[in-house]
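Beneath this line is the structure, given in structure tokens, with notes to follow.
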Amino acid sequence: MAEVGIDGIEIRTGKLKLDLAETFAPAQGDDPEKFTKGLGLYTSSFPDVYEDIVTMAANASHRLLDRKDLSLEDIGRIDVATESAFDKSKPVSTYVAGCLEQVFEDDLHHANKGERKFACVAGTQALDDAYNWIRAGRNQGRKALVIATDTALYERDDPGESTQGAGAVAMLIDENPDLVAFSDAQGYGSADETDFLKPNQQFPSVDGKRSMQVYLARMREAMEDFERNGGDTHPDNFALIPFHTPFPGMVRRAAALGFRHCIRGTEVEEEVADEIGHQPREESFDSHDEFLEAQKEYTETLTETEMYSQWYAQTIEPTLAISRYVGNWYTGSVHIARAAGLQEALEEGRDLTGRQLLVGSYGSGAQAEIHAETIQPGWEDELGQLNIDEQIENRRDISFDEYEQIHDVHNHAESIEMDPLTTPEGEFVFDGWGRMGERKYSYVE
Ligand code: CAA
């Protein structure tokens, strides 16, 4: 049976940039290093007045289909993953399809469209749906378009405001993919949690500190489930490990716990034992709390070793290269981590064909998913065509006053008029409201 995976990827960032250390921190009375050192974030992306989850998704998809020389006839399925939907009935994928039909000669009437919801893990779930659809042979030779698109805004003065971001990732799923092929082995960690949710509201209710604990707990369960299902998590197996990245500091924590887990009982644990001893084993402790304390100390010491630093620099750090400059893209976040890691590897001339990625997705509420991907021979050509660095570089820097207005423009409860800060060119734009309250879009040459 042919391999199935990601054949192509395109990334679209919101066109505005908020400098967190220079602009946001002083206005909020925060130390800039809270962002650069603590959270690991320098700038975040925001949509201009005429951008939203549909325009970002449609612009990424348009470039992807053009670049792959495809027509709409080639696409049999469009799934949009988002936490920022503005319509409870009509899926965002129909709005995106409407945009694409404005610029392509054929249409998408034959394509199955839907919307996936489970916080940030929904993008990965949509990839899974596409994989299953193709594997079942129901695609009739057609490809799936999976789009993760979000405008991740928090209520003003919520601690989450530091981690905002906006952008879309469009992925083409097909047989014999150019970029990565998905593994069959998969692991889940899933529980009914109330750490981050939006019960009929635009901005999330968040228990920030707890959400970090829930992330780590579900990720550990998913890792164990992956191993039970035949996945081998030896660290040498993986060239890169892209995690869901709400902010890089979160991944710094997840990576330390993940590495400790993956080396347990392996020759790597033995090798590092000369320097820092073996990992604590629960049976050697009188109480669970004492065991946890010892485990915490071991993890801290482990992260100070040369072995860990090298592993982190090679396997984790490259995956954060985009996220540091765009903030949290919710459903798209793990997918920009994959792209960032591969893009950095390409720039360094690493030969990754045939090597594996271990992908750790997470959605609040809460569910983590782990699977492996094998990097395909076409990965260098595919990654070489991304223009995300250029987009990041060209964003319009906004002042704090402009940030406040832009936040209001995208707040569904406000009706603020504001002139755009950038000029649209060769892209889909939000174009006002239709007679039934629908959002309307047009293509600007
Ligand atoms: N120099 C260096 N470091 C500093 C610093 C300084 N001057 N000031 C603060 N820091 C460090 C802090 O020590 C902290 O690091 P550690 O956690 O390693 O100790 C870090 O900077 C952040 O500082 P605070 O904890 O004081 O920041 P905060 O109170 O503003 O809250 C947050 C941070 C909880 C992440 C908050 O931004 C938030 O609620 N974010 C939204 C929720 C979220 O992203 N959760 C992540 C898991 S859930 C998920 O992944 C789903 C999703 O996408 C939302």
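Values below: every heavy atom of this structure, side chains too, minus hydrogens, waters and symmetry copies. Fair warning: this is a prediction, and the values are worked out from it, not measured in the lab. Each ligand, and each atom within it, is numbered from 1 in the order the structure gives.
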Proximal candidate to atom 39 (O) of ligand 1 [heavy atom criterion; set P32, G208, P246]: G208

Taking atom 22 (C) of ligand 1 as the reference point, the nearest protein heavy atom with its distance: L39 CD2, 3.8 Å

For F196, the ligand 1 atoms whose distance to one of its heavy atoms is below 4.0 Å: 54 (C)

Main-chain N/O of L357 paired with R338 side-chain donor or acceptor, under 3.5 Å: no

Closest protein heavy atom to atom 40 (N) of ligand 1, given as residue, atom name and distance to 0.1 Å: G160 CA, 3.5 Å

Nitrogen or oxygen of S211 less than 3.5 angstrom from that of ligand 1: yes

T331 side chain to D150 side chain, donor-acceptor N/O pair below 3.5 angstrom: yes

Test item, G249 contacting ligand 1 (heavy atom, 4.0 angstrom): no

Polar atom proximity, Y215 to ligand 1 (N or O, under 3.5 Å): no

Residue of the set K68, Q376, E380 for which side-chain contact (heavy atoms from CB on, under 4.5 Å) holds with D178: K68

N or O contact, Y330 vs ligand 1, cut-off under 3.5 Å: no

Check: K34 N/O within less than 3.5 Å of ligand 1 N/O: yes

Parallel, tilted or perpendicular: rings of F243 and Y215 (30°, 60°): tilted

V206 neighbourhood, listing ligand 1 atoms whose heavy-atom distance to it stays under 4.0 Å: 42 (C)

Exercise check, heavy-atom protein proximity under 4.0 Å to atom 32 (C) of ligand 1: no

Protein heavy atom at shortest distance from atom 29 (O) of ligand 1: K209 NZ, 3.8 Å

Nearest protein heavy atom with distance in Å, relative to atom 41 (C) of ligand 1: Y154 OH, 3.5 Å

Ligand 1 contact by R253, heavy-atom criterion under 4.0 angstrom: yes

Non-hydrogen protein atom less than 4.0 angstrom from atom 12 (C) of ligand 1: no

Lys/Arg N to Asp/Glu carboxylate O, D129 vs R116, below 4.0 Å: yes

N328 contact mode with ligand 1 (heavy-atom cut-off under 4.0 Å): side chain

Between H412 and F86, ring centroids under 6.0 Å: no

T233 side chain to E227 side chain, donor-acceptor N/O pair below 3.5 angstrom: yes

Close N or O approach (R252, ligand 1; < 3.5 Å): no

Numbered atoms of ligand 1 (with element) below 4.0 Å of F247, judged on heavy atoms: 35 (C), 44 (O), 46 (C)

F35 to ligand 1, any heavy atom closer than 4.0 Å: no

Heavy-atom pair with the smallest gap, counting every atom of S162 and L41: O-CD1, 3.5 Å

Candidates F24, Y154, F203 - the one meeting ring-ring contact (aromatic ring centres under 6.0 Å, His included) with H407: F203

Top protein contact for atom 51 (C) of ligand 1, by heavy-atom distance: S364 OG, 3.2 Å

Donor on one side chain, acceptor on other, Y131 and D184, under 3.5 Å: yes

Side chains of T124 and S361, donor plus acceptor under 3.5 Å: yes

Passing option when K15 is tested against Q391, E427, E51 for side chain to side chain donor-acceptor pair (under 3.5 Å): E427

Shortest protein contact, atom 2 (C) of ligand 1 (heavy atom only): E33 O, 3.6 Å

Axial cation check for Y362 ring with R218, 6.0 Å and 45° limits: no

Sub-4.0 Å protein heavy atom near atom 37 (O) of ligand 1: yes

Atom indices of ligand 1 within 4.0 angstrom of H244 heavy atoms, with elements: 49 (C), 50 (O), 51 (C), 52 (C), 53 (O)

Residue, atom name and distance, where the atom is the protein heavy atom closest to atom 14 (C) of ligand 1: G38 CA, 4.8 Å

E269 bridged to R281 by N-O distance under 4.0 Å: yes

Identity and separation of the nearest protein heavy atom to atom 7 (N) of ligand 1: D31 OD2, 2.9 Å

Nitrogen or oxygen of P159 less than 3.5 angstrom from that of ligand 1: yes

Within 45° cone and under 6.0 Å: R260 NZ/CZ vs Y298 ring: no

